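Just follow the structure's listing: the first ligand is 1, and inside any ligand the first atom is 1. Keep in mind it's a predicted model, so treat the numbers as computed, not measured. These numbers come from the heavy atoms of this one structure, side chains and all, not from hydrogens, waters or symmetry mates.
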Amino acid sequence: MSYPYQITSLEQYKADYKKSVEEPEAFWGNIAENFQWRKKWNKVLDWNFREPKVEWFQGAKLNITENCIDRHLATMGDKPAIIWEPNNPEERVRIVTYNRLHKRVCQFAQVLKNNGVKKGDRVCIYMGMVPELAYAVLGCARIGAIHSVIFGGFSAQSIADRLYDAQAEFIVTCDGAYRGNKDIPLKSVIDDALIGNRTVKKVIVYTRTRTPVSMLKGRDVWWEDEMEHAEHQVEQNGVVSFPAEEMDAEDPLFILYTSGSTGKPKGVVHSSAGYMLWTNYTFVNVFQYKPGDVHFCTADIGWITGHSYILYGPLSAGGTSLMFEGIPTWPDAGRFWDIVDKHKVNILYTAPTAIRSLMGFGLEPLKGKDLSSLKILGTVGEPINEEAWHWYDEHVGKGKCPIVDTWWQTETGGCLISNMAGVTPAKPSWATLPMPGVQPILVDEKGEEVTEADEDGIIKGNLCIKAPWPAILRTTYGDHERCRQNYFATYENLYFTGDGALKDADGNFRITGRVDDVLNVSGHRIGTAEVENALNMHAGVVESAVVGYPHDVKGQGIYAYVIYGHMHNNDEELTRKDILQTVTRVIGPIAKPDKIQFVSGLPKTRSGKIMRRILRKIAEGETGSLGDTSTLLDPAVVDEIVKGKL
Ligand code: PRX
């Protein structure tokens with residue numbers, strides 16, 4: 001496989017960038033020629049950010065799985081598509097070749113069909129990181145069903161909300177999942193999520209942990225039985241086939257729920273053609289992928305990073321993607337390095353929080369591990385501090401691997417701002433330059449472009465994008481107005497990212513973090529309103545306010561101020577634990593506050609609005625600079641909160 005659109009020099013980057021902005025249709029139309037289409041497009045791009053409406057490759061027909069699998073079979077059928085590393089290092093590694101992937105995806109598409117799944121139906125996938133998760137995702141794409149993968153750490157209540165929002169009729173899950181020394185009972189969580197559910201007709205259960213599960217007659221079926229049956233249907237005389245559904249370029253490929261500053265998580269919808277192009281293009285360029293390289297993205301497929309850079313990006317490029325079931329610290333903190341050594345990993349893509357957490361174990365876990373196969377390192381999910389950047393560079397990359405700092409979001413489908421490994425310059429803790437086709441702009445509160453730099457030549461503002469790139473979200477599922485409100489209404493004719501950023505005189509961007517009420521905890525996006533809703537569901541909680549504060553490992557920690565009615569047994573510690581249980585039940589363990597401070601009141605304006613600015617300052621420990629508190633309804637409450645700070 002060759003990538004004629006792979007950028008190999010800074011000059012070429014500049015030329016391609018210019019062309020992509022001046023003639024986007026010619027630029028992307030040309031790149032699209034490198035994919036397999038059932039029918040080519042009538043028009044490359046049609047858009048406005050008012051409605052918003054964005055359509056790429058109008059009139060084109062394709063199936064993304066033919067691009068990710070079938071087109072590689074003739075020349076690379078026996079090459080590894082997925083290398084699977086189990087949670088337990090003693091267990092057998094599984095190598096899934098493109099031929100095998102083809103067979104399993106065809107089989108699973110047949111299973112879905114046998115169970116009544118049709119094009120456009122929503123299939124929720126709640127599984128651990130096993131190859132079967134990849135078969136499930138791609139099986140959906142093959143028959144044109146819309147997959148909605150839910151991270152294995154979300155609670156039954158969160159799943160129930162997502163099932164309802166998507167009106168999902170099918171679920172694919174596992175009996176359980178291994179993560180470190182834990183077995184997580186996924187099917188039992190699904191059973192809880194289905195209490196009162198009226199839409200789900202079938203649940204397909206893959207056996208991973210042999211945890212006993214309840215199987216409801218007529219609804220629950222075993223993956224293994226279904227696959228065995230389907231094998232005879234898709235394989236005749238040794239030839240495997242399951243015709244891929246013909247999809248329109250703009251047909252939805254998947255929904256992925258993500259947190260915003262208000263309300264419940266929203267279902268971000270990505271399309272087929274634009275998303276395919278973008279994940280492939282950014283994979284090939286940012287990571288400078290070369291055929292045969294082993295790419296190890298440590299994310300979970302429950303998040304966008306896993307969708308784009310474990311599955312669709314690498315597979316559409318005929319690459320080899322390493323999929324890891326476990327966690328970086330089990331059986332010990334050398335696990336990533338063992339994996340790099342064992343599988344001769346060439347590209348390692350992980351999150352700053354993982355790097356910081358591994359830094360905490362010192363250099364001992366790196367001793368004796370051969371990391372010489374590594375060529376390129378990447379980070380994603382949150383700003384990377386310089387200390388972590390240098391540690392990664394020095395101790396993992398041994399000073400010879402370019403580090404790509406990739407800034408992007410669930411809504412953007414793939415990287416928007418990032419250096420290209422070894423091609424465009426890196427700058428520690430800066431995401432640097434936009435990808436071709438991406439036009440970032442920094443604006444002030446009123447939406448005016450900020451052009452004035454400070455004495456260091458730095459411009460500061462809210463990060464927006466001026467024009468659509470192929471993988472921009474198309475809508476939020478079932479509620480297009482919400483999509484408009486969230487991303488396109490803050491500033492006219494701009495996509496608003498929710499992030500603040502700096503820009504230097506060379507045009508490099510540094511992302512400083514969210515400017516809305518969204519937290520980034522260990523690279524996971526969590527809305528403060530969501531956590532408050534969960535806290536307020538606890539019987540004793542009268543009111544609460546949640547803010548972020550700097551956390552050495554997690555990037556941000558969650559600080560909750562809680563007005564409490566009645567203490568359980570008059571015991572503060574027990575009450576805290578009770579409250580954490582409630583949050584775990586309502587959202588999942590990732591949303592548990594790190595600190596809960598009991599207060600008798602919250603700082604509010606006379607109109608009843610909580611002054612989060614003050615609470616944020618207190619949580620950050622900056623109690624000396626609280627600003628003007630005289631407009632508060634009850635200024636005394638601030639003194640009390642400062643005194644009780646945890
Ligand atoms: O604040 C930015 C931060 O993560 C947010 C997006 O989160 P999510 O949709 O979960 O996607 C994460 C994986 C793409 C952004 O709004 N973020 C992501 N990458 C970076 C980052 N902040 C700084 N630097 C990055 N490289």
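Using a 4.0 Å cut-off to heavy atoms of R525, the atoms of ligand 1 that qualify are 6 (C), 7 (O), 8 (P), 9 (O), 10 (O). The W408 neighbourhood of ligand 1 comprises atoms 6 (C), 14 (C), 15 (C), 18 (C), 19 (N), with distances under 4.0 Å to a heavy atom of that residue. Counting atoms of ligand 1 from 1 in the listed order, those under 4.0 Å from a heavy atom of N520 are 3 (C), 4 (O). Near I511, with a cut-off below 4.0 Å to any heavy atom, the atoms of ligand 1 are 22 (N), 23 (C). Close approach of ligand 1 to V380 is summarised as follows: ligand atoms under 4.0 Å from at least one heavy atom of the residue are 13 (C), 14 (C).
Annotation: salt bridge (Lys or Arg N to Asp or Glu O under 4.0 Å) contacts of D506 (sequence neighbours excluded): none. With sequence neighbours left out, K617 forms a salt bridge (Lys or Arg N to Asp or Glu O under 4.0 Å) with no residue at all.
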Q: Under the side-chain hydrogen bond (donor to acceptor under 3.5 Å, both in side chains) rule, what do Y491 and N462 come out as? Steps first, then yes or no, please.
A: CA-CA 10 Å; Y491 307 115; N462 289 345; 2.9 Å; yes

Q: Start with the C-alpha gap between Y349 and T406, add the side-chain angles, then the distance that decides, and say whether side-chain hydrogen bond (donor to acceptor under 3.5 Å, both in side chains) holds.
A: CA-CA 10 Å; Y349 188 33; T406 65; 2.6 Å; yes

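The protein heavy-atom contact nearest to atom 13 (C) of ligand 1 is T305 OG1, 3.4 Å. Among all non-hydrogen protein atoms, the one lying nearest atom 15 (C) of ligand 1 is D499 OD2, 3.1 Å.
The shortest heavy-atom distance from P383 to ligand 1 is under 4.0 Å. Using a non-hydrogen distance threshold of 4.0 Å, G381 registers as a contact of ligand 1.
Taking only nitrogen or oxygen atoms, main chain and side chain alike, T410 reaches within less than 3.5 Å of ligand 1. Polar contact with ligand 1: absent for T379 (N/O pair, distance under 3.5 Å). Annotation: D405 places an N or O atom under 3.5 Å from an N or O atom of ligand 1; distance criterion only.
The two residues W56 and P470 make their nearest non-hydrogen contact at NE1-CA, 3.4 Å. Nearest heavy-atom pair across R474 and H480 is O-CE1, 3.4 Å. The two atoms that bring I7 and Y13 nearest to each other are CG2-N, 3.5 Å, heavy atoms only.
Proximity annotation for atom 24 (N) of ligand 1: of H524, E382, H307, E382 comes nearest, heavy atoms only.
Remark: E85 engages R335 in a salt bridge, criterion side-chain N to carboxylate O under 4.0 Å.
Under the 3.5 Å distance criterion, with hydrogens and angles disregarded, a donor-acceptor pair is assigned to the side chains of Q12 and T8.
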